[in-house]
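These notes concern the structure reproduced below.
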There are 2 protein chains.
Amino acid sequence: MAASRYREIAAALSAEIAALPPGTKIDGELAVAARFGVSRAAARAAVQELERQFLVRRVRGRGTFTSRRIDYPITSTRPPSWSQTLRDAGALPRTVVRSCVEVPMPQAVAHKLHAAEGSAVWRLQRRSFTDDLPASWGTEWVPAETVPELPAALRSVESLDRIVRDVGGVVPARRWVRASMEAADGEVADELAIGPGAPVWFVESVNQDAATATPVYLTERWIRADAIRVVFEAGAGPS
Amino acid sequence: MAASRYREIAAALSAEIAALPPGTKIDGELAVAARFGVSRAAARAAVQELERQFLVRRVRGRGTFTSRRIDYPITSTRPPSWSQTLRDAGALPRTVVRSCVEVPMPQAVAHKLHAAEGSAVWRLQRRSFTDDLPASWGTEWVPAETVPELPAALRSVESLDRIVRDVGGVVPARRWVRASMEAADGEVADELAIGPGAPVWFVESVNQDAATATPVYLTERWIRADAIRVVFEAGAGPS
DNA sequence: CAGTGGTCTAGACCACGGG
DNA sequence: CCGTGGTCTAGACCACTGG
């Protein structure tokens with residue numbers, strides 16, 4: 001079963017930090033090694049165990065900190081807004097635009113949006129943070145006719161959901177969504193500041209106007225599994 | 001970036017094993033250490049990297065083997081049959097009954113099945129294997145009136161979907177499903193033969209009769225994320 | 001600059017599985 | 001019995017962060 005020193009230590013630390021608020025700095029590897037009288041390698045194994053269980057987050061040069069996962073529910077009823085969903089969960093979302101350029105719509109995107117291939121579309125690449133930690137990275141495809149001045153709009157409002165409501169005059173709702181868990185590879189791992197192989201979500205979503213059922217925009221988003229607890233729910237509720 | 005010896009080794013091994021059929025035995029830690037001229041710890045780190053990326057599976061006493069994840073799509077259209085879904089993906093599913101007892105229906109289950117609390121229900125606990133490797137473990141709740149002789153039926157047929165079709169005369173379809181990724185804790189880790197903290201799915205599903213829309217049974221299932229690639233899809237398809 | 005986590009070495013003993 | 005992976009020690013150097 002457990003019966004290994006580093007798991008005992010992990011369990012002890014786990015109990016200690018359970019009540020601490022997220023973001024609290026806790027003992028590092030050397031401190032744990034000294035306190036429990038083990039080598040640094042064993043102490044490291046214990047702290048890595050906590051990291052695998054999403055209980056702590058470690059940053060080289062800074063230290064080890066208590067952590068929590070933010071719930072991110074994906075359902076047909078909830079509006080597909082990253083910022084709103086995270087605020088509802090009590091987190092502080094922040095989104096940084098990496099690039100926003102107008103390009104001819106690729107075939108694959110046109111197919112999903114029921115739009116004409118080659119028509120003008122904004123390709124928006126953004127990184128999102130929760131509580132100042134990188135959590136998500138990906139691309140949104142917004143037809144230029146829906147929001148002609150997207151870069152300008154993004155300077156005052158971070159939420160794409162809000163922009164298409166206010167400027168485009170549509171109410172986004174999920175039309176189709178697909179999600180799976182993957183191991184982060186090179187580019188994704190870099191953008192999310194995690195090691196390669198760390199678990200990440202890949203979520204693809206086509207959003208439509210609630211009134212007209214017309215596809216409005218497409219998102220392709222990678223999400224850190226240690227930062228966000230994606231909960232997928234579909235069908236008639238159990239109640 | 002990468003720039004560490006063990007990641008270089010992991011990348012080299014990854015390329016080597018890419019073409020091998022799943023289940024092929026490959027070099028162990030000592031062999032890798034000798035071949036690349038590094039310590040066993042570095043070789044171990046490389047092989048663990050491959051394990052995190054779901055490329056190999058390691059078993060103490062036996063060795064390291066190439067691996068693959070089986071796609072397990074969860075959609076409203078596909079029938080909620082574990083065995084059929086896995087066979088469609090080209091895997092060989094096998095299910096072993098751990099226990100099957102008739103109990104009074106708990107309140108939480110009754111609520112989800114729209115049934116009377118305390119009425120007779122089978123509580124079926126099973127483990128499932130794909131290609132003879134443990135992949136899933138969990139509980140199914142089947143009202144006794146639907147399948148009065150469930151233990152007898154299970155002796156000849158493994159698929160619960162098939163049994164309720166043939167004996168209960170209903171056609172199961174997903175009514176409601178909820179899924180999230182968690183870190184395996186004690187009991188789950190034991191049943192799935194993985195270390196604590198390994199990534200696992202928790203999938204809860206209420207299935208109903210396609211014709212009458214009456215809830216038929218409830219499943220609560222833990223799934224090894226390294227063995228099964230769960231893909232959810234909801235809403236009107238992109239095509 | 002000191003402290004952190006990331007990597008690495010060269011050993012060691014153990015539990016487990018299969019011949 | 002031997003080979004496997006799981007755990008552990010006692011060191012070491014490095015890259016990165018913060019003051």
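Naming: A, B, ... by sequence-line order, numbering from 1 per chain. These figures come from a predicted structure and were not determined experimentally.
Separating the CZ atom of B/Arg5 from the P atom of D/dA12 is a distance of 23 Å, rounded to the nearest angstrom. For the pair A/Tyr6 OH and C/dC13 C1', the interatomic distance rounds to 16 Å; values are reported in whole Å. Distance, B/Ile9 CD1 to C/dT9 C1': 13 Å, rounded to whole Å.
OP1 and OP2 of C/dT4 both lie 4.0 Å or more from every side-chain N or O belonging to A/Thr64.
Applying a 4.0 Å cut-off to non-hydrogen atoms, none of the residues of residues 23-31 of chain B approaches DNA chain C. Shown for residues 33-60 of chain A: residues whose heavy atoms fall under 4.0 angstrom of DNA chain D, namely A/Val38, A/Ser39, A/Arg40, A/Ala41, A/Ala42, A/Arg60.
Side-chain rings of A/Trp82 and A/Tyr72 approach one another, their centers coming within less than 6.0 Å. Side-chain rings of B/Phe232 and B/Trp201 approach one another, their centers coming within less than 6.0 Å.
Partners of B/Glu140 according to the side-chain hydrogen bond (donor to acceptor under 3.5 Å, both in side chains) rule, which considers only residues two or more places apart in sequence or in another chain, are B/Arg126, B/Arg221. Looking at residues two or more places apart in sequence or on another chain, you find a side-chain hydrogen bond (donor to acceptor under 3.5 Å, both in side chains) between B/Asp88 and B/Arg78, B/Gln84. B/Arg162 pairs by the side-chain contact (heavy atoms from CB on, under 4.5 Å) definition with B/Val157, B/Ser159, B/Asp166, not counting sequence neighbours.
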- [ ] Could you go through the side chain to side chain contact (heavy atoms under 4.5 Å, CB included) check for B/Glu158 and B/Ser83 one step at a time?
- [x] CA-CA 8 Å; B/Glu158 282 195 347; B/Ser83 358; 5.6 Å; no
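With hydrogens and angles left out, the side-chain atoms of A/Glu182 and A/Ser180 include a donor and acceptor closer than 3.5 Å.
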Show me the donor-acceptor pairs, under 3.5 Å and distance only, between side chains in residues 50-60 of chain A and residues at least two apart or in other chains.
unit_1: A/Arg52; atom_1: NH2; unit_2: A/Glu49; atom_2: OE1; d: 2.7
unit_1: A/Gln53; atom_1: NE2; unit_2: A/Glu49; atom_2: OE2; d: 2.7
unit_1: A/Arg58; atom_1: NH2; unit_2: A/Glu29; atom_2: OE2; d: 2.5

